[in-house]
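Some notes on the structure that comes next.
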Amino acid sequence: MPELPEVEAVCRKLRTVEGARIAAARVFRCASATLPRRIAGRRIHRIERRGKHILIRLDSGFTLHTHLRMSGNLYSIPNHCLHPAAARVIVELHDGRGIILEDNRALARMEAVSSEKLDQRLARQLGPEPLSEQFTVDAFVATARAARQPAKIFLMDQRRVAGLGNIYAAEALFRARIGPCRVIQGISRVRLAKLHSAIVAILNDAVQSACIAYEAPGEFAEAEAFPLAVYDREGEPCWVCGRAIRRIPQRGRSTY
DNA sequence: TCGATCCTGTAG
DNA sequence: CTACAGGATCGA
């Protein structure tokens, strides 16, 4: 499921547990064994997002750090006893509610770690937030000038920009009319500026769509879904030129 | 900087 | 049955 927009929607919806106190936690399968004793009794201070990472700040200097990877989901339920079968972590709150990390593929990760160390680690591993003031055209161009990667690989590299994944990287390149295999270094400043604004516009729109979809799943949300111009549209006609969209492998993943 | 790998589910 | 899935990490 999740790239930046979906993770943002998860965070916003999860904010109803801010202020709640954790009673206990249960982990299943290979989830972190030290997690329960590190978070039991702590209060949830606030919920933040960094790239695709979800940060549940506790009052103890620890953070409940979650990454959904490919197939994870994180949400609260009114009664922690009524958890789904695919739950990997159940955080039981004092008020009876529960926070569920669900993932049938078991790729998602949740850990309780020192906030300071986590922030240092994320600062090292992640580039600027694309929806923040930090993400300027100048900074983006400077980063691109120093990289020799194909454009699509560059955009998916979390150290360059935080939060883009396979879908929105392809969509942004398409909107900016940049071939995914072109080396990012050789692209003109004007076109990089176009790519920069495409990234911001697409992510903003996708956040809106994701929030609607998470808030009220159904036909209305379906109608408001972010329209994907190229992703998963192999063989279908391009909305601009009418020719069939092609799929190529890049680094073992599909690019459209 | 690359492919292989972690898992399970689903589409073809 | 195989191929592939919105991700990231590890070792070569």
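Per chain, numbering begins at 1; letters A, B, ... match sequence-line order.
- Of all nucleotides present, only C/dT2 satisfies the Watson-Crick or G-U wobble test against B/dA11, with each distance under 3.5 Å.
- Atom pair A/Glu102:CD and B/dT8:C1' shows a separation of 13 Å (rounding to whole Å applied).
- Taking the side chain of A/Lys52 as heavy atoms from C-beta on, and the options C/dG6, C/dA8, B/dG3, the nearest nucleotide is C/dA8.
- Note on A/Arg175 versus A/Glu171: no salt bridge recorded, every NZ/NE/NH1/NH2 to OD/OE distance being 4.0 Å or above.
- Going from the P atom of C/dA3 to that of B/dA4 covers 13 Å, rounded to whole Å.
- Atom-to-atom, CZ of A/Arg233 to C1' of C/dA5 comes out at 19 Å; the value is rounded to the nearest Å.
- A close approach under 4.0 Å does occur between a side-chain nitrogen or oxygen of A/His67 and OP1 or OP2 of C/dA8.
- Spacing between atom CZ of A/Phe154 and atom P of B/dT1 amounts to 11 Å, rounded to whole angstrom units.
- In this structure, A/Arg177 is positioned above the aromatic face of A/Phe174, its NZ or CZ under 6.0 Å from the six-membered ring centre and within 45° of the axis.
- Crowding of A/Arg121 atom CZ: a count of heavy atoms from other residues, nucleotides or ligands under 6.0 Å exceeding 12.
- Distance A/Asp103 CG to B/dT8 P: 10 Å, rounded to the nearest Å.
- Side-chain atoms of A/Arg253 and base atoms of C/dA5 include no donor and acceptor less than 3.5 Å apart.
- Atom CG of A/Asn104 and atom P of C/dG7 are 16 Å apart (whole Å).
- In this structure, A/Arg69 places its CZ atom 7 Å from C1' of C/dT9, rounding to the nearest Å.
- The residue A/Gly252 sits apart from the nucleic acid: no heavy atom pair falls under 4.0 Å.
- Comparing B/dC7 with C/dC10, their P atoms are spaced 14 Å from each other, to the whole Å.
- For the pair A/Asn166 CG and C/dG6 C1', the computed distance is 7 Å after rounding to whole Å.
- In summary, the side chains of A/Ser254 and A/Arg247 do present a donor paired with an acceptor at a separation below 3.5 Å, with no hydrogens or angles considered.
- Straight-line distance between the P atoms of B/dG12 and C/dG6: roughly 15 Å, to the nearest whole Å.
- Across the C1' atoms, B/dC6 and C/dC1 are found 22 Å apart, a figure rounded to whole Å.
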Would you sort out whether A/Lys13 and A/Glu215 count as a side chain to side chain contact (heavy atoms under 4.5 Å, CB included), showing the intermediate values?
-> CA-CA 8 Å; A/Lys13 202 161 182 198; A/Glu215 203 49 58; 4.0 Å; yes

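- Contacts of A/Arg247 with the nucleic acid, taken as non-hydrogen atoms under 4.0 Å apart, involve only primed sugar atoms and P, OP1 or OP2.
- Between A/Arg251 and B/dC2 there is a side-chain N or O to OP1 or OP2 distance below 4.0 Å.
- Between A/Ser254 and A/Gln158, the residue whose closest nucleotide on DNA chain C is further toward the 5' end is A/Ser254.
- When Watson-Crick and G-U wobble pairs are counted only if both distances are under 3.5 Å, B/dA4 pairs with C/dT9.
- Using a 4.0 Å cut-off between charged side-chain N and carboxylate O, A/Arg57 and A/Asp119 make a salt bridge.
- In this structure, the CD atom of A/Gln149 is 16 Å from the C1' atom of B/dG3, given to the nearest Å.
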